[in-house]
Amino acid sequence: MSGSQPDTTRRWLDEVTDSLRGVSVTVGAPLDEAQDNLWMLALQAEDAAALGAAGVARLIEHARDELAAAAVAADVAAPLRFYAWFDELAGQLRFGVTSAEELPFGAPLRTTADALDVAVLLVASPYLEGVPWSELEDAGDAPDADPAVQPVLVHVSPLAARS
């Protein structure tokens, strides 16, 4: 997908809308809920450049709004949170919905209320097609391997619940 900024934005907004399905709430089973409510988009470098950080942030916010509408339409009563992050290893913008108190990540997190923070990371990344195998290192079982893991930047926003 490439083209002018308005065309690119419209195509990706449509892609987000078309790829979303209903929200599934599984209170008490956060990993099942996380798997059921996971969506991903892989933007090519030319589309990320055409959209810019503000355009990518708009996609994130559009996904949040579409999922909020799906939750209302499904009459979901549980309080829900939308979250989005850039998975640099896979080269994907990912987002999900959870009713759990903790986000379903096995890594340290740094949360932000501003979708633009995640969008800036995506647009600036040299890994929009994922990290090549040649750039990965095998840490193996070495006891001196650096256990420090960089926190994942995650945009978090409450979803409007039914009233």
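- For the residue pair Ala54 and Leu116, the shortest heavy atom distance occurs at N-CD1, 3.9 Å.
- For the pair Trp39/Leu93, no side-chain contact is recorded, criterion being any heavy-atom separation below 4.5 Å from C-beta on.
- A pairwise comparison of heavy atoms in Leu159 and Ala68 identifies CD2-CB, 3.7 Å as the closest pair.
- Annotation for Ala48 and Leu128: closest pair CB-CD1, 3.5 Å, computed over non-hydrogen atoms.
- Without hydrogens or angle criteria, His155 side chain to Tyr83 main chain gives no donor-acceptor distance under 3.5 Å.
- Taking the side chain as every heavy atom from C-beta outward, Val154 and Arg110 never approach each other to under 4.5 Å.
- No option in Leu122, Leu43, Val152, Val123 other than Leu122 meets the side-chain contact (heavy atoms from CB on, under 4.5 Å) test with Phe86.
- Between Phe95 and Trp85, the ring centre distance reaches or exceeds 6.0 Å.
- Leu121 and Phe82 end up in the same hydrophobic cluster when Ile, Leu, Val, Met, Phe, Trp and Tyr side chains are linked at under 4.5 Å.
- Side-chain contact between Thr98 and Leu80: absent, with no pair of heavy atoms (C-beta onward) separated by less than 4.5 Å.
- With rounding to the nearest 0.5 Å, the separation of CG in Asp87 from CD in Gln92 is 6.0 Å.
- For the pair Arg81 (side chain) and Glu101 (backbone), a donor-acceptor distance under 3.5 Å is present.
- Here the side chains of Val97 and Asp36 are not in contact, with every heavy-atom distance at 4.5 Å or above.
- A donor-acceptor contact shorter than 3.5 Å is absent between the side chain of Arg64 and the backbone of Ala115.
- Taking each heavy atom of Tyr127 and Glu88 in turn, the nearest pair found is CD1-OE2, 3.4 Å.
- Counting heavy atoms from C-beta on, the side chains of Asp117 and Leu153 come closer than 4.5 Å.
- Under the 4.5 Å side-chain heavy-atom criterion for grouping Ile, Leu, Val, Met, Phe, Trp and Tyr, Val120 is not connected to Ile60 through any hydrophobic cluster.
- Taking the side chain as every heavy atom from C-beta outward, Ser99 and Glu33 approach each other to under 4.5 Å.
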